[in-house]
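Residues: numbered from 1 along the sequence shown. Heavy-atom basis, side chains included; hydrogens, waters and symmetry copies ignored.
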Amino acid sequence: MKEFINNFFQASNERLKNPLIFSFLISWIAFNWRPIFTLFISEKNIEDRIIYITTNFSEIKFTLYYPLIVSLGYVILLPYFTWFIEKIVRFAKSGRKENLVNEQISDLKGKQKIAKEERKYEQEKAGNVEISELNTKIEELTLINEEKQKSIESLKIDLTNLKKEKNKLEQYINLEDPDDLEYSDDIKNKLDKEYEDFLKTEVSTYFEKIGTEISQFKSIPKDTEVIIVEKLIYSGLIRKVDDDENQRTYYLLTKKGKYFWKNYVLSKNIMTQQEWESQDELPF
């Protein structure tokens, strides 16, 4: 029996923890407090109390509908109402913080104005003599700065001229000295191997025409495709020189290019005068 009573109270306690049941119970008591008081406090006997309650307080709207509506409203609307209240409170806190910040900013602005006026007062208190001395020093520093700027500009001009001279010297440096073409046997063997490999490439067919033009006029034939020139440059045979001072561009054979050109020229056979004449006499 004791265990049954404990289980009953425990189940009842768990049900009462349900917010809908608990709110329904409270609202039901609120709507039906009169029959409850009549049942427990009235001096009438129990039969008369039951008859009186049944006759006067048995409407279903008080015993079911109203308590159910109130409990449902409590369970459903209370979270939204709580959220709304928290929203208002948060807005009020935010407003208070904003007012506090504005007040602090206003105090700081006031202090800035006071500091500014105090600085003006100190400057006036120091006197015009000190201000005049400061102005003189500023003028002296300004003059020194201007002189330094002039010196810097002059140095820039000198540097530019030196760069131009350097570029000019680099542009007109050629590899025509005999000593420049003197290689060790290992280097010559390596260059000869590269020359043989070069003759097998398509770009070598243009080497005679381009080499002749560079040797005589330091230029590239006008009808030469750009990709051929680029290949010769990246092969290390010719180099492009930009003469900024004279606003022109010319080309030179590199040291390697001169070595290849020398081998190429010496490998060519030249017809004799008689061969030319005999070739001209051939019938067509």
Side-chain angles (χ1 to χ4, degrees), residues 1-135 137-138 141-142 145:
M1 184 67 181
K2 183 178 180 180
E3 184 179 354
F4 172 78
I5 294 173
N6 290 334
N7 292 334
F8 173 78
F9 280 108
Q10 185 177 0
S12 301
N13 187 27
E14 290 177 357
R15 290 189 179 90
L16 287 175
K17 288 181 180 179
N18 188 300
L20 180 62
I21 296 175
F22 179 77
S23 60
F24 179 81
L25 180 61
I26 297 300
S27 60
W28 190 89
I29 293 173
F31 281 102
N32 297 279
W33 63 272
R34 288 180 295 176
I36 293 173
F37 273 72
T38 302
L39 179 63
F40 291 103
I41 301 176
S42 177
E43 296 179 353
K44 297 179 180 181
N45 55 46
I46 188 64
E47 291 84 359
D48 293 335
R49 294 179 199 175
I50 293 172
I51 294 171
Y52 180 78
I53 291 171
T54 304
T55 304
N56 296 283
F57 305 107
S58 60
E59 296 183 48
I60 192 170
K61 61 181 180 180
F62 289 106
T63 58
L64 180 61
Y65 294 155
Y66 289 169
L68 183 61
I69 292 172
V70 171
S71 61
L72 289 174
Y74 173 81
V75 173
I76 296 173
L77 298 178
L78 182 62
Y80 291 97
F81 180 74
T82 304
W83 171 78
F84 179 71
I85 296 299
E86 290 177 351
K87 197 82 172 176
I88 294 174
V89 172
R90 191 180 301 113
F91 179 76
K93 288 182 179 180
S94 177
R96 289 179 60 192
K97 289 182 180 179
E98 185 177 356
N99 291 336
L100 181 60
V101 171
N102 291 334
E103 185 178 353
Q104 291 177 351
I105 292 173
S106 179
D107 292 341
L108 290 175
K109 287 182 178 179
K111 291 179 180 179
Q112 288 177 351
K113 289 181 180 179
I114 293 173
K116 185 177 180 180
E117 295 300 325
E118 287 179 350
R119 186 168 58 252
K120 289 182 179 179
Y121 172 75
E122 293 296 332
Q123 289 177 351
E124 293 178 359
K125 185 177 179 181
N128 295 328
V129 176
E130 186 176 352
I131 294 174
S132 178
E133 292 177 355
L134 291 174
N135 289 333
K137 290 181 179 180
I138 290 172
L141 292 174
T142 302
N145 186 43

Any side-chain heavy-atom pair of Leu141 and Asn145 under 4.5 Å: no
Which residues share a side-chain contact (heavy atoms from CB on, under 4.5 Å) with Ile69, sequence neighbours left out: none
Ile26: partners by side-chain contact (heavy atoms from CB on, under 4.5 Å), with sequence neighbours left out: Phe22
Least distance between heavy atoms, Val75 atom then Ser23 atom: CG2-OG, 3.7 Å
Straight-line distance of Leu68 CG to Trp28 CH2, nearest 0.5 Å: 14.0 Å
Partners passing side-chain contact (heavy atoms from CB on, under 4.5 Å) against Tyr80 (at least two apart in sequence or in another chain): none
Distance in Å, Asn99 CG paired with Arg96 CZ, rounded so as to fall on 0.5 Å steps: 9.5 Å
Run the side-chain donor-acceptor check on residues 105-117: report pairs under 3.5 Å with partners two or more places apart or on a different chain.
none

Nearest heavy-atom neighbours spanning Pro67 and Ser27: O-OG, 3.0 Å
Counterpart residues, side-chain contact (heavy atoms from CB on, under 4.5 Å), relative to Lys87 (two or more places apart): Trp83, Arg90
Residue list, side chain to side chain donor-acceptor pair (under 3.5 Å) with Asn102, at least two apart or on another chain: none
